Amino acid sequence: MSQPDLSFLLKAEQPTAAAPEQPEQPTPAVTAEPPEGSVSALIAELRAYQAELESQNKVLRYSQTVAESASERFETLFASVPLALMVVDEYDMVVQANSMAHRSFQPTERDRPLTALMPFVSDTDAPRVQEAFAQARAQGHSEVTEVVFTIAPHIRITGDLHIARIEDHQGDGPMQLQFLCAVIDQGPLLAERHALQQSAQALQQRNEQLHASEKRLEAVINSALDAIICVDQNGLITVFNPTAAALFQCSAQDALGSPLERFLPAAGQALAFAQLTTQAMLGEMTACTASAKELAVEVSVSFERHAEGETTTVFARDLTGRKKAEAHRSELEAQLRESHKMQAVGTMAGGIAHDFNNILGAILGNVELAKADCAPGSPVLESLLEIDKAGRRARDLVRQILTFSRNEPPQRTAVSLAEVVHDTERLLRVTLPPAIELHMQLQPGLPPVLADATQVEQAVLNLCTNAVHAIQGQGSERGSILVEAALVHPDQRLSERLGLAAGDYVALTVHDSGPGMDAATLERIFEPFFTTKPVGQGTGLGLAVVHGVMRTHEGGIDVQSVPGQGSRFTLYFPVATAQAASSGAAVAALPAAPAQAPAAAPTAARQKPHVMYVDDDQALVFLVQRLLRRRGYDVSGFTDPHEATAALREAPHHYDLLVTDYNMPGFCGVDLVREARLIRPDLPVALASGYVTAEIEQAAIAEGARALIHKPNDVEELCATVQRLIAGDDVAG
């Protein structure tokens, strides 16, 4: 420690009225008897020396006071400094320690006393601390960072140890070395550092998560099925995903920085919604590709505000596929409605045909009876012939209705469509007007089709006849009809539209040079009785019959017509495979009824065969009675099948033949056949119907019917069937 300047104290001790300074005189040698002046000078000198001693004593006392004050201040500072301070001698003994050191190293009385420093140092840090003490002994100071001091088994202090060398002089003895040790607790700093490390680690994880989230968002945007476009607050594109590039046919590099109106001209107005909401659905809009091609898209927008400004995200979905699907669905729905309508009309036509058959049967039968009663030259015979002609035309018309309305499969076999078309061609050329040309273009080597040759011929004839009428109806007698046939494989869309199964088909096309048809007419051409011809010139059943034929043949019919450019009808017949041809032949050959024992011979008292005829139409019953009685038969007619059953049960051997109608109110002819077989198994039974299907035929044969009679039939045909059955000859179909 530097010594204080105390000269000011010496100046303060000088006498206020000091004698004038005398020049220093040499001290004379003391003699036994000094002179009087010398004594006075000696006294004065002694007094001056005494004053100097007193001044030095005062300075010494002040120095002692200052030293004591400095010691007190050091003790106070040593005791109150907020650091663990210890004075350690060179033997590691703690000479002095402040209260902070005692609280840190001996928090409770049960803890180890603070008498030495090294026992508190952990084994790991002990070498470093010893090296620090050696460095302080040599250089005067040293420090060791992050030293772990073990206070108790579960209490540790981690701090920095600062060491300063102190030289202690004890009088005339040897100098003793001591060390002032300060322990700075780094626990809060380490905790803060650990917290900062955790925070940095959490921040790093957050950054990694944010980076991963950005990657996922980028992947979602790039793999989204919708076009995603982001624009900044200036309306310029900043994000353009691959779907947008494909939709708008523009690369992302070319689109970035472009205005949004380049691809969505009407989307600029949508940005005004940013002040009102965070998202908006704009609905269908018209977009433009890079090549200025327009397309329909569905647009929604999302608005986001951030520190850099505003970002608008536009989502655009291509509606081209949806519109095509909706158009296709509408087309299929229209076809379904058409199918339901045709099915309903067919059901109605089949029901009406039953009554028509009965009426026509009565008319034709009575005409035959009237013709037999007329003389050969009678003028009434001519009228009867005209009635017969009109009745037969009506019968053919009813058969066309049944052809349209039947749902059962026809008698299909493997037939050559080229041969059927050539046969129809010979018939057409006989009746074709001279001004209309008929051309045939049939692909060589066409495979056979599984079809009913008669129905196919009727369909082709109806189409060509319809074409002739169309050409003649346009006011010009000249025209042409082209009939083509080729092997095709319909694509998926055509197959779905026409309801075709996958496979090969023979397409038969009839193309005329007529006036064509508009859309309204095309929707109704297959409706029965719909016609554009004048009254009395058409029945409207021609195309309806064609539609029925194609439906029963598991094919399809496609119509293409434009006003002023003619019409094209294409029939698709499935190619007959070996398996399909064999199954078709099996369907065509229905099993015949088992042979029954011949009818019991009439008794001697009853020479005429007795026929029971059952039909709900009284006119038909009356007609058949007259017809058969003229042929030598006894006939019992019934309009109620229950009465007929009772009569047969009462006298089963009184009858030689039972002929019953199939469709009667509240009763089925097959049920009457079954009852008759139970009453008399050997009785021949025939079933008559104007609507004979494969199911009806199989059911009738299974119940034991000997014959199926189609109404209305010729009188001779009916009488011949009755005669064969009574004679014991089975008739199938």
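Since we're looking at a predicted model, the values are computed, not measured.
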Item to complete: Compare every heavy atom of A705 with every heavy atom of V673, then report the nearest pair and how far apart it is.
Response: CG1-N, 4.2 Å
Worksheet item: For Q492, what residues pass the side chain to side chain donor-acceptor pair (under 3.5 Å) criterion, not counting sequence neighbours?
Response: E496
Item to complete: Mind checking side chain to side chain donor-acceptor pair (under 3.5 Å) for S495 and listing every partner two or more places apart, or none if nothing turns up?
Response: none
Worksheet, complete the sentence: Applying side chain to side chain contact (heavy atoms under 4.5 Å, CB included) to A647 and not counting sequence neighbours gives M612, F638, Y655
Fill in: Nearest non-hydrogen partners of T570 and A507, listed with the distance
CG2-CB, 4.0 Å
Fill in: Residues forming a salt bridge (charged side-chain N to carboxylate O under 4.0 Å, His left out) with R626, sequence neighbours excluded
none
Response to the item:
Residue set satisfying salt bridge (charged side-chain N to carboxylate O under 4.0 Å, His left out) with D671, at least two apart, ordered chain then number -> R674
Discussion item. My understanding is that only residues two or more places apart in sequence, or in another chain, count here; which of them pass ring-ring contact (aromatic ring centres under 6.0 Å, His included) with H642?
Written reply: F667
Item to complete: Mind checking the CZ-NZ spacing from R631 to K608? Nearest 0.5 Å is all I need.
Response: 14.0 Å
Fill in: Distance, nearest 0.5 Å, that separates CG of N462 from CD of E457
10.5 Å
Worksheet entry | H422 versus E425, side-chain donor and acceptor atoms under 3.5 Å | yes
Worksheet item: Residues two or more places apart in sequence or in another chain: which of them pass side chain to side chain donor-acceptor pair (under 3.5 Å) with E484?
Response: none
Worksheet item: Roughly how far apart are L628 CG and Q723 CD, rounded to 0.5 Å?
Response: 11.0 Å
Using a 3.5 Å cut-off and no angle test, enumerate the donor-acceptor pairs between side-chain atoms of residues 434-448 and protein atoms at least two apart in sequence or in another chain.
{"unit_1": "E437", "atom_1": "OE1", "unit_2": "H439", "atom_2": "NE2", "d": "3.1"}
{"unit_1": "Q443", "atom_1": "OE1", "unit_2": "L487", "atom_2": "N", "d": "3.1"}

Worksheet entry | Close side-chain approach of L494 to Y572, heavy-atom, < 4.5 Å | yes
Discussion item. Within the structure provided, determine whether L498 and D558 are in side-chain contact (heavy-atom separation under 4.5 Å).
Written reply: yes
Discussion item. Among residues at least two apart in sequence or on other chains, which ones pass side chain to side chain donor-acceptor pair (under 3.5 Å) with T660?
Written reply: none
Worksheet item: Does the side chain of S636 come under 3.5 Å of the side chain of H610 through a donor N or O and an acceptor N or O?
Response: yes
Practice prompt. Using the test side chain to side chain contact (heavy atoms under 4.5 Å, CB included), find all partners of I363 that sit at least two apart in sequence or belong to another chain.
Written response: I359, V367, I387
Discussion item. Using every non-hydrogen atom in the two residues, find where P609 and G632 come nearest and quote the distance to one decimal.
Written reply: CD-O, 3.9 Å
Worksheet item: Mind checking whether H511 and F569 have side chains closer than 4.5 Å, heavy atoms only?
Response: no
Fill in: I679: side chain to side chain contact (heavy atoms under 4.5 Å, CB included) partners, not counting sequence neighbours
T645, L648, R649, P652
Response to the item:
Taken in chain and number order and not counting sequence neighbours, the residues that satisfy side chain to side chain contact (heavy atoms under 4.5 Å, CB included) with R629 are Q625, V635
